[in-house]
Amino acid sequence: MSDYWQSFAPGEGRRAPRADAVTDARTISLNGTWAFRLSPTAAGTGEAFLSDDFDAAGWDSMRVPSHWVLEEFTPLAGGAARSMRGTAEGPLYTNTAYPIPIDPPYVQRENPTGDYRLEFDVPADFGDAVLRFQGVDSCAKVWLNGVELGWSTGSRLPFEFDAPVRPGRNVLAVRVHRFSAGTYLEDQDMWWLPGIFRDVELIERPEASIDDHFVHADYDHVTGVGTLRVDATCAAVVEIPELGIRIPAGDTWSGSVDPWSAESPRLYRGTLRSAGEAISLAVGFRRVSIDDGVFRVNGRPVKLRGVNRHEHDADRGRTLSLDDMRRDIELMKRANVDAVRTAHYPPHPDFLRLCDEYGLWVLLENDLETHGFIYSGWEGNPPAVPEWRDAIMDRMRRTLERDKNHPSIVIWSMANESMTGDAFAELRAYIDERDGSRPVIYERDPSYRDSDFYSVMYPSLEVLDQIGRHEEPASRKVGMHGMEFDAASSEPDPFDERRRGLPFLLIEYAHAMGNGPGSLSDYWEIMARHDRICGGFVWEWIDHGFRGPEGGFLHGSDIDYEPNGGRFNLDGLLFSDRTPSPAVRELAKAYAPIGISVTSSVITVTNTRHSRPTDDVVFEWRWTSGATVVASGAFDLLVDAGSSGVVDAPAAPAGDDLVLTVSAVLAADEVWAPAGHVVAWGQFVVVGGPELRSWPQTADRAAGVDPQFGTVSAGTDHRIRLGDALFEGGRLVSLGGIDIAGPVLDLHRAPTENDHGQGGNNNLARMWQQVGQNRLIDTVMSIDPGPDGLVVRGRTGAATRNHAAEWEMRWRWVDAALELTTTVDFVGPWGDTPYQHHDVWIPRIGLLFSLGSADEATWFGHGPDETYADSRMGSQVGVWTRTVDDMQTPHEVPQENGNHVDTRWLEIGGIRIDGGFDFTARRWTPLDLERAAHLRELRDSGRVWLNIDHAQMGIGSASVGPALPEKYRVPRERTSWTVRLRAA
Ligand code: IPT
C-alpha cells in the first residue's frame with residue numbers, strides 16, 4: 001500500500017466536485033452506528049476488515065458522524081498512546097502550531113488511525129449510485145464490498161465516489177488517519193478532531209440525472225429586472241411557478257423580481273428537472289460589485305455587521321445538528337448580526353441553506369491555513385511550493401463548486417493566515433473564470449494583489465480611522481516570490497497604489513476572549529463614517545470548550561500536550577454551550593441597523609440598513625420613573641434605508657429617576673424572532689443625561705448636617721459611633737445594625753484575559769504581579785474623631801515595594817446618612833524605576849466592603865447585564881434587580897466580571913448607597929477570583945464582597961487586539977469622591 005496519506009496529491013478515484021443539491025433522487029443515509037477500531041499507526045492492523053465475512057464482533061461501536069476522540073471507545077492497548085505526548089488520543093488544541101514535526105508531505109509514524117466498518121442493505125431496484133462523504137478529518141480511504149474506491153484529504157469538504165452497490169447486503173470500510181499531508185493545509189485555530197464528522201450518504205444516480213448545476217441569478221437595480229440562467233450537465237427544465245418560468249436549462253429568462261438581500265432574503269423556489277432527477281432551487285436575485293472602491297450589493301453600499309463562526313458543539317465538536325445551526329442563526333439575527341465569515345472552512349451545507357433563507361451575507365472561506373509555517377520562518381510554505389499546487393487548487397475547487405449556488409455567499413475567501421505564494425494567483429484565476437460574480441478576499445498577502453479587498457486584523461481605532469481616510473502607511477514591500485517582507489524597505493511597493501483603491505474589510509476585530517470585547521461601538525462609529533470600510537467580523541462567535549467530566553468546559557490547557565494553545569479557544573461571544581455572554585447585548589447595540597436618538601423634545605430615527613425601510617418595526621416608547629412605567633405609547637415611522645425621520649418626543653411626566661426609552665420592535669413574527677423583539681433602542685435620561693458619571697456628587701450638597709447625630713463618640717472599647725454607624729480600628733463594622741465592614745482601598749482587579757495581552761504585548765497581568773498589585777496591604781495609619789465626623793488615614797502598598805497610595809476617608813453623618821469622602825494620593829515610584837520599567841496602570845480606584853449577607857441588588861444605572869467603561873452602550877439605564885448569583889458572568893477561567901458602571905444608587909443587603917459609582921458584588925473576594933483556575937473552584941466565602949468604585953479601567957481586546965485606548969484607562973492621579981450609605 002503506497003503511503004497515500006503522506007503524498008502531495010489531494011486524493012484519488014473521486015468524482016469531479018459539484019454543487020450541493022437538494023434532490024428527489026433516492027438517498028440512503030449511512031449515518032448511524034458503525035464498527036470501529038483504533039490503531040496506533042497509519043498502516044492499521046491489516047486489511048482483513050475489508051472482506052465480506054470479517055467478524056468485527058470485538059470492535060467498538062462508533063456513531064457516525066462524530067469525532068472519535070470525543071466518543072467512548074477502547075483506548076489503544078495499555079493506553080500506550082496516551083502516555084506518548086506526541087500522539088495523544090484525545091482532542092488537541094495547538095492554536096497556530098502544527099501538532100506534528102514539519103516535514104511535508106510526511107507525518108509521524110505515530111498516527112492514530114480509525115478503521116470503520118458498516119454493513120447496510122440496498123433495495124433490489126436501486127440503480128447506479130454515488131457515495132458521498134460530507135467531511136472526514138483528515139484523510140480517508142474507502143472500500144466498498146472489498147473494492148477500493150479511492151481516498152481523499154480536505155477535511156471540511158465533500159468527496160464522492162461512484163459506488164457499485166449490489167442489491168441486499170453491502171459492506172463499506174473506511175480507514176481514517178488522524179494526520180496526513182492534508183494536516184499541513186489545515187492549521188486553523190481550533191481543536192484537532194479526527195473522524196467521519198459529517199454525513200455519509202448513498203445517492204441513486206438514475207439515467208439522465210443532473211450531475212452538476214450552476215444558478216446564475218443577476219439583478220439590475222436600475223431597471224429592477226432579474227435575469228436567470230441555470231446551467232446543467234444534462235438536458236433539464238427550469239421551473240419557477242411564482243415567476244411563470246419554464247425554460248430549458250442553459251436558456252436565459254429575465255423579468256421583474258424582488259432582489260435578495262440579507263435584510264429581505266427573497267427566495268424564489270422552483271425545480272430543475274431532468275429525465276432522471278428533480279433538484280430544488282432557491283433562487284435569490286442579486287448583484288455583487290465593487291464600484292469606486294465601495295463594496296455594493298444591488299448597487300447599494302453594504303457594511304457587513306459580521307462575526308467569525310467556527311462550527312462548535314460542547315459535546316460533539318464540529319458535528320452540529322440542524323438545531324445548532326438554526327440556533328446560531330437565530331442568535332445572530334437577534335443580535336443584529338447580518339454577516340458571517342465561515343472561519344476558516346466551508347461549514348456544513350445546511351448552514352448555507354439557512355443563510356439563504358434567514359438572510360445573512362456570507363463570506364465563504366476555503367479550507368486552507370498554513371499558519372504553523374511561521375515556526376519555520378515560512379520556509380516551505382505550501383502556497384509557495386509547486387508540489388502543493390494540486391492539493392491547494394483541489395480545495396478551492398471543491399469549495400466553490402459545492403457552494404456556488406447560494407445567494408447568501410457574496411465573497412469568496414481563498415484562505416486564512418497562509419502568508420504568500422504563487423498558488424493564490426492560480427486560485428484567483430480559477431475563481432474568476434468559473435464564477436466571476438463575486439469578489440475575492442485574501443488578507444495575509446501584504447500586496448493584496450490577488451484580493452479585491454484591503455484587510456488587516458485587529459487594528460487600533462486610530463489605524464482604522466486612518467485606513468478609512470485612505471491615509472494608512474504604505475504597505476510592506478513584497479519580494480519576487482511573495483515571500484520576502486521588508487517593513488523598513490525604502491523601495492516603493494508596486495502594489496501600493498492599487499491597494500489604496502480597494503475597499504477595506506475588517507476580517508477580524510474585537511477579540512471576544514473572556515470578558516469583552518470593549519469598544520464595539522467605537523469601531524462602528526468609525527466604520528459608519530467611511531465609505532471605504534465595508535464592515536467587519538468579530539473574532540469569534542462561540543467558545544470552543546468541551547464539557548468536562550467535573551462540569552464546566554475544558555480548554556487547551558486542560559489537555560496534557562505540547563505545543564498547547566492554552567485558553568485561546570475560549571474567545572467567543574457565546575459560551576461553549578451557546579449561552580450568550582453579556583458581549584452579545586453590546587454587539588446588538590453596536591450593530592443596530594436603526595439609530596434612535598432621543599432628546600427631551602425630539603426622537604430621531606436613522607435607518608442605516610442596506611436597503612430595507614423600517615416597514616417591519618413599530619416604535620414603542622415609555623417614560624419610566626424608577627422601576628415604574630408612568631406613560632407609554634407607540635408610533636409608526638417609515639424611514640427608507642439611508643434616511644432619517646423625526647417625531648416629537650412625548651412630554652416628561654413628574655417623578656424621580658426619569659428615563660424615556662424608545663425601541664424599534666418587530667411588528668410581526670420573523671423566522672428568527674417573534675413579534676416584539678427589540679431591534680434597536682435609544683434613551684433620554686433626565687437627570688444628567690445618559691452619561692451618569694457627570695451627575696453632581698453628593699459632596700456638593702453638604703447642607704443639613706444634623707448636629708446631634710454628627711457627633712462622634714469614642715467608646716472605651718476602641719469603638720467609635722457616628723450616627724447609626726459603628727467603627728472599629730478605623731473601619732466601619734455596622735450601619736443601622738446591619739453587618740457591613742470596611743472598606744479597604746481597592747486598586748486592583750482579577751486580570752481578565754485581555755489583561756494578559758498577547759505574547760509579550762500589553763501584559764498588564766504580569767506587570768501587576770511584578771509590582772505587587774495583587775498583594776497590596778491596606779493599613780490604617782491614624783484615626784481622628786472630631787466635631788465634623790471621623791477622619792481615618794491610611795496607606796496601601798505592596799510588600800517589597802515603596803510606591804503606594806495614601807488615602808484619607810472622611811466620614812460624616814449627614815441627612816441621616818453616613819457620608820464618605822475618599823481622597824487618594826499616589827506616592828513613590830509608580831513610573832519607570834530601575835526595578836520596574838513600565839508605568840503602572842491602575843485597573844481600579846475603589847472601595848471594597850463586605851456584607852454579612854445579601855441575596856439581591858437593586859440599582860439605578862446601566863443594566864441589567866454587566867457594563868464597563870468601554871462596553872456600556874448595549875445596556876439601558878433604569879432600575880434593575882438581580883440576585884448576587886445571577887450577577888456573576890460564568891467565565892470558565894475566573895476573571896473580573898459583573899461590574900455596573902455609573903450607578904446612581906444601589907440597595908443591597910439592607911444598605912442603600914447613593915452617589916455616582918461602579919459596583920460589583922460577589923460571594924468571593926477579588927483575590928479568590930484571581931487565584932481560581934476554573935469556575936468550579938470558586939466557593940461561597942460566607943460574606944458578600946461589595947466594590948463601590950470611583951472608576952474601573954475598560955476591558956479592551958488586547959488578548960489579540962491593540963492596547964486599551966487611553967480614554968478607558970484610569971488616570972493615576974490624586975482622586976477624591978463621595979458616596980452616602982444608610983440602612984435602607
Ligand atoms: C487570528 C486567526 O486568524 C484566528 O484564527 C484566531 O487565531 C485569532 O487570530 C486569535 O484568536 S491570527 C492572529 C495572528 C491575529
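Worth knowing before you read on, the calculation uses all heavy atoms, side chains too, and leaves out hydrogens, waters and symmetry mates. Just so you know, ligand 1 is whichever comes first in the structure, and atom 1 is the first atom listed for that ligand.
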**Request:** Would you check ligand 1 and list the protein residues that come within less than 4.0 Å of it by any heavy atom, ordered by chain and number?
**Result:** Asn95, Asp189, His344, His371, Asn416, Glu417, Met457, Tyr458, Glu508, His511, Trp539, Asp571, Val960
**Prompt:** Relative to Tyr454, does Arg499 satisfy both conditions: NZ or CZ under 6.0 angstrom from the six-membered ring centre, and within 45 degrees of the ring's axis?
**Reply:** yes
**Item:** Listed partners of Arg766 passing side-chain contact (heavy atoms from CB on, under 4.5 Å), at least two apart
**Value:** Asn763, Gln770
**Item:** Approximate separation, where rounding is to 0.5 Å, of Asp137 CG and Trp191 CH2
**Value:** 14.0 Å
**Prompt:** Are the aromatic ring centres of Trp524 and Tyr591 under 6.0 angstrom apart?
**Reply:** yes
**Set of residues satisfying side chain to side chain donor-acceptor pair (under 3.5 Å) with respect to His756, sequence neighbours excluded** = none
**Asked** Considering residues at least two apart in sequence or located in another chain, which fulfil the side chain to side chain donor-acceptor pair (under 3.5 Å) criterion with Asp324?
**Response** Ser321
